[in-house]
Protein chains: 2
Amino acid sequence: MPELINVTPLPSRRRGRPPKDASQPGATRAALVRAGVALLTEKGFSATGLDEILKRVGVPKGSFYHYFASKEAFGAALVDDYAAYFAARLDRFFLDETRPPLARLQAFIDHAQLGMARHDFQRGCLVGNLGQEMGALPAAFRQQLRAVFSDWQARLAACLVAAQAAGELDPAADCAQLAAAFWIGWEGAVLRAKLEASVVPLEIFSQFFFAGLSRPITPMQGD
Amino acid sequence: MPELINVTPLPSRRRGRPPKDASQPGATRAALVRAGVALLTEKGFSATGLDEILKRVGVPKGSFYHYFASKEAFGAALVDDYAAYFAARLDRFFLDETRPPLARLQAFIDHAQLGMARHDFQRGCLVGNLGQEMGALPAAFRQQLRAVFSDWQARLAACLVAAQAAGELDPAADCAQLAAAFWIGWEGAVLRAKLEASVVPLEIFSQFFFAGLSRPITPMQGD
């Protein structure tokens with residue numbers, strides 16, 4: 001399964017949060033991106049109208065088109081922004097040498113649970129939302145969203161390799177394949193957590209995933 | 001985690017496919033539902049316009065409102081129809097006594113892979129799509145979609161209990177919890193299969209799931 005599991009991380013752009021002072025250069029663009037990310041993590045691309053974003057930020061349509069050629073270009077910028085923000089978050093957890101490697105993944109999961117609860121389970125994953133909507137999106141999003149998942153997968157695979165080095169994970173485990181399985185299932189768990197308005201789906205999936213790390217990888221039946 | 005794992009199946013309505021002859025009573029309604037299910041499995045609720053459905057079926061708007069009070073009522077009918085159709089499909093696989101229980105689940109997965117490939121990975125899961133969109137949907141959908149997942153979970157849990165009885169699965173395994181983990185991850189896999197236009201995510205997740213069945217369930221680390 002080479003397409004999904006041979007992955008290269010995207011360059012990490014640790015830009016931090018955009019400035020809040022609207023008098024700064026670029027602040028309007030940053031405010032548009034911030035509002036766009038918030039709305040798209042809640043409702044996805046199709047259900048989010050430009051007018052709603054403009055109203056939230058308090059800028060006229062002409063100003064929007066100064067920064068973005070179209071809603072599609074805006075969507076692509078939001079994915080880039082979200083990917084950079086999320087990659088920095090993954091680094092913060094997965095490269096945290098104060099914890100053993102598998103505890104880093106658990107800490108990421110715990111943090112995600114708190115984050116979803118803090119937003120009353122209204123916000124999910126921007127990349128998952130847009131992936132789900134792919135049938136209604138401009139074709140250019142496909143490669144962009146795939147690359148983001150590929151990046152997350154590489155970052156987790158590296159953490160799992162560290163777990164092998166630390167003796168926490170079977171040296172024969174296929175870390176790329178396990179990392180792929182994690183993100184595939186995690187997006188399903190985020191979707192269900194939104195629907196159930198509960199952390200339980202995140203808990204069930206992550207417990208199942210960790211249990212899967214505690215056994216040797218064996219050939220599957222029926223293959 | 002009682003909310004997600006104590007589940008009762010919905011009554012099974014094996015209605016089969018709606019008639020294709022538009023001269024039959026109810027045929028217009030059935031054609032609207034068929035077109036709606038197809039479009040919503042591709043694009044979700046928010047991105048699908050009524051006009052697109054009416055155009056596909058070739059009926060005027062007045063005729064639509066003869067059958068459905070609103071787009072929301074139409075969406076609810078689509079979820080009901082899809083749930084009944086899918087429950088019948090699950091029964092066909094999970095109650096198939098010509099196969100051992102775990103092979104029934106594998107057969108369902110194989111069939112789903114063929115189905116997604118046949119539609120060029122454009123169609124996913126109607127319930128998953130609407131679950132993802134929950135932030136943009138009328139509130140009444142939440143309970144309806146939850147009940148569908150709960151039903152699927154109960155059907156799979158029963159199949160896993162049969163696997164225990166057949167000696168294929170550890171008698172100590174928590175079948176309700178495993179069934180919950182399956183559908184949580186499966187929705188993520190369907191989402192990724194659409195995005196990647198490939199069966200690989202379905203394969204990766206189902207292999208991980210089956211591997212998880214082959215080990216005793218142990219308490220999780222870090223809990």
Side-chain angles (χ1 to χ4, degrees), chain A residues 1 3-5 41-48 102-103 106 122-124 128-129 131-137 142 145-146 149 177-178 180-181 183-192 194-198 200-201 203-212 214-215 217-218 220-223, chain B residues 1 3-5 41-48 102-103 106 122-124 128-129 131-137 142 145-146 149 177-178 180-181 183-192 194-198 200-201 203-212 214-215 217-218 220-223:
Chain A
M1 304 170 188
E3 281 170 39
L4 273 187
I5 65 180
T41 52
E42 285 177 27
K43 309 203 303 180
F45 188 79
S46 304
T48 300
L102 292 186
Q106 186 64 57
Q122 292 190 340
R123 296 192 187 175
N129 283 356
Q132 190 76 298
E133 288 183 271
M134 197 57 232
L137 296 186
R142 191 182 298 273
L145 296 170
R146 280 179 180 165
F149 278 124
Q177 179 103 0
L178 288 171
W183 291 113
I184 288 168
W186 181 254
E187 286 295 336
V190 170
L191 182 166
R192 276 295 287 286
K194 279 205 298 184
L195 180 63
E196 308 283 346
S198 161
V200 170
E203 289 176 353
I204 289 178
F205 175 72
S206 55
Q207 289 188 8
F208 185 78
F209 184 78
F210 275 109
S214 67
R215 54 162 169 75
I217 306 293
T218 51
M220 298 304 98
Q221 55 184 75
D223 283 338
Chain B
M1 301 169 190
E3 280 170 41
L4 272 185
I5 64 178
T41 52
E42 285 177 26
K43 308 201 303 181
F45 187 80
S46 304
T48 300
L102 291 186
Q106 186 64 58
Q122 293 189 342
R123 296 192 187 173
N129 283 356
Q132 190 75 299
E133 287 183 272
M134 196 57 232
L137 296 186
R142 191 182 297 274
L145 296 169
R146 280 178 179 165
F149 278 124
Q177 180 103 359
L178 288 170
W183 291 114
I184 288 168
W186 181 253
E187 287 295 335
V190 169
L191 182 166
R192 275 296 286 286
K194 280 205 299 184
L195 181 64
E196 307 283 345
S198 160
V200 169
E203 288 175 354
I204 290 178
F205 175 72
S206 54
Q207 290 187 9
F208 185 77
F209 184 77
F210 275 109
S214 67
R215 54 161 169 76
I217 307 293
T218 51
M220 299 303 97
Q221 54 183 81
D223 283 337

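Order of the sequence lines fixes the chain letters, A, B, ..., with proteins taken first and strands second; residue numbering starts at 1 for each chain. Note: hydrogens, waters and symmetry copies are ignored here, and every other heavy atom, side chains too, is used. Note that the structure is predicted; figures quoted are calculated from it, not measured.
- Not a single donor-acceptor pair under 3.5 Å links the side chain of A:Arg142 to the backbone N or O of B:Glu196.
- Shortest non-hydrogen contact noted between B:Leu195 and A:Arg146 is O-NE, 3.3 Å.
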Pair B:Phe208-A:Ile184, side-chain contact (heavy atoms from CB on, under 4.5 Å): steps then yes or no
CA-CA 11 Å; B:Phe208 185 77; A:Ile184 288 168; over 6 Å; no
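- Across all non-hydrogen atoms, the minimal contact from B:Ala180 to A:Ile204 is CB-CD1, 3.9 Å.
- Options B:Gly128, B:Gly124, B:Ala197 differ in how many heavy-atom pairs under 4.5 Å they form with chain A, and the most are formed by B:Gly128.
- Under the side-chain contact (heavy atoms from CB on, under 4.5 Å) criterion, A:Lys194 pairs with A:Met116, A:Asn129, B:Gln132, not counting sequence neighbours.
- Heavy-atom pairs under 4.5 Å with chain A peak, among B:Glu42, B:Lys43, B:Glu187, at B:Lys43.
- Interface residue A:Phe209: backbone and side-chain heavy atoms are both found under 4.5 Å from chain B.
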